[in-house]
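As the structure is a computational prediction, the values presented were derived from the model and not from experiment. By convention in this document, chain letters (A, B, ...) are assigned in the order of the sequence lines, proteins followed by strands, and residues within each chain are numbered from 1.
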There are 2 protein chains.
Amino acid sequence: MSEFAKPTLDDVARAAGVSTATVSRCLNAPDLVITATRERVMQAVETLGYTPDFGGRALASRRTNTVGAIIPTMDNAIFARGLQSFQQALSRFGKTLLVASSGYSPAREREQIEVMASRGVDGMLLIGSARPEASVEFLRRRGIPFLGAWNLGGEDGYFVGFDNRAAAAGLTEAVLALGHRRLAMIAGITYMNDRAADRMEGVRMAAEQAGIGADQLPVIEAAYTFEDGARAFGELMALSPRPTAVLCGNDVLAVGALQKARELGLRVPEDVSITGFDDIDLAGVVDPKLTTVRVPHNRMGEAAAEMLIRLISKQPVERRIEIPTEIIERGTLGPPPADPAV
Amino acid sequence: MSEFAKPTLDDVARAAGVSTATVSRCLNAPDLVITATRERVMQAVETLGYTPDFGGRALASRRTNTVGAIIPTMDNAIFARGLQSFQQALSRFGKTLLVASSGYSPAREREQIEVMASRGVDGMLLIGSARPEASVEFLRRRGIPFLGAWNLGGEDGYFVGFDNRAAAAGLTEAVLALGHRRLAMIAGITYMNDRAADRMEGVRMAAEQAGIGADQLPVIEAAYTFEDGARAFGELMALSPRPTAVLCGNDVLAVGALQKARELGLRVPEDVSITGFDDIDLAGVVDPKLTTVRVPHNRMGEAAAEMLIRLISKQPVERRIEIPTEIIERGTLGPPPADPAV
DNA sequence: CAATCCAATGTAAGCGCTTACACTGGTTTT
DNA sequence: AAAACCAGTGTAAGCGCTTACATTGGATTG
């Protein structure tokens, strides 16, 4: 073995004076090997700096102990946090995580699914449930277990997430309870994004329930940036009559709205109320602090890991695990102005 | 092939009536195959839903087209942003990214390095340069090209990053130029973190240069949370004489400090100036907006990808690429109070 | 028209590993 | 004391792929 060659099982076997089978057993089922032998082998492993070749191992054992996760983007605190917990939980089970991002594109997600399948992942974590049937079909054909996270999905499939619709409805009810009647919403882009769509629907449902029809509830969809949130808020404030409460599909939009409100000289919540969704760090930092919905990403990541492991090892699992959300009341929601501006 | 079995090269070959070699060539070097054959093969690939097995491919070709990145944590906007660009650039070269996190622990980083090596990554991206020699030695022995990012490293190795020390010194000079003399610093934890250490040193250097010795420059190290930043700021404000400017090792600490300042009834920057570092989104959202140092993570991610690709394909490369930083003047830095409180 | 060449394809040898099965020799059982 | 057993180890057959080399037959050359 040259200085730069990667040592193989064979090298170790030769160095320890045993067969490759024994070395393999030392690594995978140490109990089968007598202590003296094992120590000799481990010594050889150590001095040679041997690490098993993943490809060879995967090929021979038809297992990879790898699970894949495809998220819309890494550049978003929401997914980052959940994924971090997911990974930690996974590693407790000896699995490693492969992460890829789809950039919110179903086509790119499909590509990544194939990449992961090629790599022989034992299971897969996807976000939400809005995707072409073909992607799902592919996974099923291959017999790769997978689950959706961050929401609760539809008819079939496995899910661990929260009920975005119910949470949004709950928050809306809280707003209504304060006496607001002229609501508006800045929603995230709903195309192929069930979280955003569900939140929008939740707000609409609750409004409807209170006798506020869709025609009286202006909704603007905006991309996930402060600027887009600010712009949408500007448009909403130009409306007449002006809304007294603006429900935002996520905290980033809400913070953008908040900035715009300051720019427009509107006091929050005296002149206009604003709510967010997700309770990212940001929410506690702006002034006033954001009233929002807390989504326990850590718990979700862990629950997802556990569920996927069970799915992979064919243990019985519940079809969906709901993670409860919670309204966090801080400073941006108050009663409507007594004499609302027109 | 049963409904649930993964189709192999052999299945495709049989279906298309060619040899496995031809199928392989269709996938890897299509030019070598005549169009008619290729179309027949591709058709078979399509109908069978074939995706090449990564393990088999890696084993046979001794290439993986995979590069690894080990970052301290995913749950940090700074790394997320750079990594996103890194990945995008990489995928333009047909490489896929494997991400792992070390949780700021050198031991865990070492483990992950071995995992990546096992998986046969063609190259590796690490953060910074502070790590046990053994980790570096391992990589070298294995002949795996790697580079450090986010800083500029030491004597040897490849780096693409910024000069944290110089940037911190530059910002400190700007603070001094406004007339501040009673400086203090809230640094990130410097243990095994050269970025934090360099920033601290930069501040100290510039202060020294202005005749302010280390004994006149209180420094507190704080973990990467708002709370820790706030706590440290509280301690600093209890000092007598009270600092008129607090330089923070990153934006998160600065925002924590800012909150604490408000809590203490101190006006920023009238009573005390605060500066950050990194220019994360947050910096533009707090009130007043943070004066900080912008670090172009996108450019860095791309430059890192390019450099690593060159390293892998043994093309000539520069040993270090410096990404310039920029001071972003916003609202938290002003002249010291005329009659500073004691 | 034989010799040569070359493009298109096939043949088959591994890549590094796991694991079913075979073997060995001591211990227990009958 | 022979039979049965078993713990510890070895032998060797692939896993799915790539690729050096061999083969084929039509086009080009002298």
Side-chain angles (χ1 to χ4, degrees), chain A residues 1-2 5-42 44-45 48-66 114-115 117-122 142, chain B residues 1-2 5-42 44-45 48-66 114-115 117-122 142:
Chain A
M1 171 200 128
S2 100
K6 183 171 154 181
T8 69
L9 242 210
D10 225 61
D11 296 322
V12 177
R14 213 166 313 123
V18 297
S19 73
T20 60
T22 299
V23 179
S24 175
R25 281 190 281 256
C26 282
L27 266 25
N28 301 306
D31 301 343
L32 296 181
V33 182
I34 205 167
T35 311
T37 313
R38 191 174 44 208
E39 278 171 359
R40 201 147 31 92
V41 170
M42 287 320 204
V45 166
L48 290 178
Y50 169 81
T51 52
D53 178 85
F54 177 78
R57 183 175 258 190
L59 205 50
S61 71
R62 340 196 86 256
R63 278 182 274 100
T64 60
N65 283 325
T66 297
E114 293 192 9
V115 169
S118 278
R119 286 175 176 263
V121 295
D122 299 336
R142 274 290 219 292
Chain B
M1 170 198 128
S2 99
K6 183 171 155 181
T8 69
L9 240 211
D10 225 60
D11 296 322
V12 177
R14 213 165 315 122
V18 297
S19 73
T20 59
T22 298
V23 179
S24 175
R25 279 190 282 258
C26 282
L27 267 25
N28 301 305
D31 301 343
L32 296 181
V33 182
I34 205 167
T35 312
T37 315
R38 191 173 45 210
E39 278 171 359
R40 201 148 31 92
V41 170
M42 286 321 203
V45 165
L48 291 178
Y50 169 81
T51 50
D53 179 85
F54 177 78
R57 184 174 257 188
L59 205 50
S61 70
R62 341 195 86 258
R63 278 183 274 98
T64 61
N65 282 326
T66 297
E114 293 192 8
V115 169
S118 277
R119 285 175 176 264
V121 295
D122 299 336
R142 274 289 218 293

Which whole-number value in Å describes the distance from [X] [atom1] to [N] [atom2]?
X     : N      : atom1 : atom2 : answer
A:L9  : C:dT19 : CG    : P     : 12 Å
B:N28 : D:dT19 : CG    : C1'   : 10 Å
A:D53 : C:dC15 : CG    : P     : 12 Å

Response to the item:
So the salt bridge (charged side-chain N to carboxylate O under 4.0 Å, His left out) pairs with at least one residue in residues 27-39 of chain B (sequence neighbours excluded) are none
Worksheet entry | Between the first and last five pairs of the helix from C:dC1-D:dG30 to C:dT30-D:dA1, the angle of the axes, rounded to 10 degrees | 40°
Contacts of [X] that satisfy side-chain contact (heavy atoms from CB on, under 4.5 Å) - sequence neighbours left out:
X     : value
B:A21 : B:S19, B:R25
A:R62 : none
A:A44 : A:V12, A:A15, A:A16

Worksheet item: How about A:V18 and A:V41: do any of their side-chain heavy atoms sit closer than 4.5 Å?
Response: yes
Of all residues at least two apart in sequence or in a different chain, which pass the side chain to side chain donor-acceptor pair (under 3.5 Å) check with [X]?
X     : result
B:N28 : B:S24, B:R57
A:T51 : B:R142
B:T64 : B:D122
A:T37 : none

Practice prompt. Taking only heavy atoms on the protein side, list every residue of residues 54-66 of chain B lying under 4.0 Å from any atom of DNA chain C, sorted numerically.
Written response: B:L59, B:A60, B:R62
Worksheet item: Using a cut-off of 4.0 Å between protein heavy atoms and nucleotide atoms, how would you tag nucleotides 4-12 of chain D 5' to 3' with B, S and -?
Response: ----SBBBB
Worksheet item: Listed by chain and number, what are the salt bridge (Lys or Arg N to Asp or Glu O under 4.0 Å) partners of B:R63, not counting sequence neighbours?
Response: none
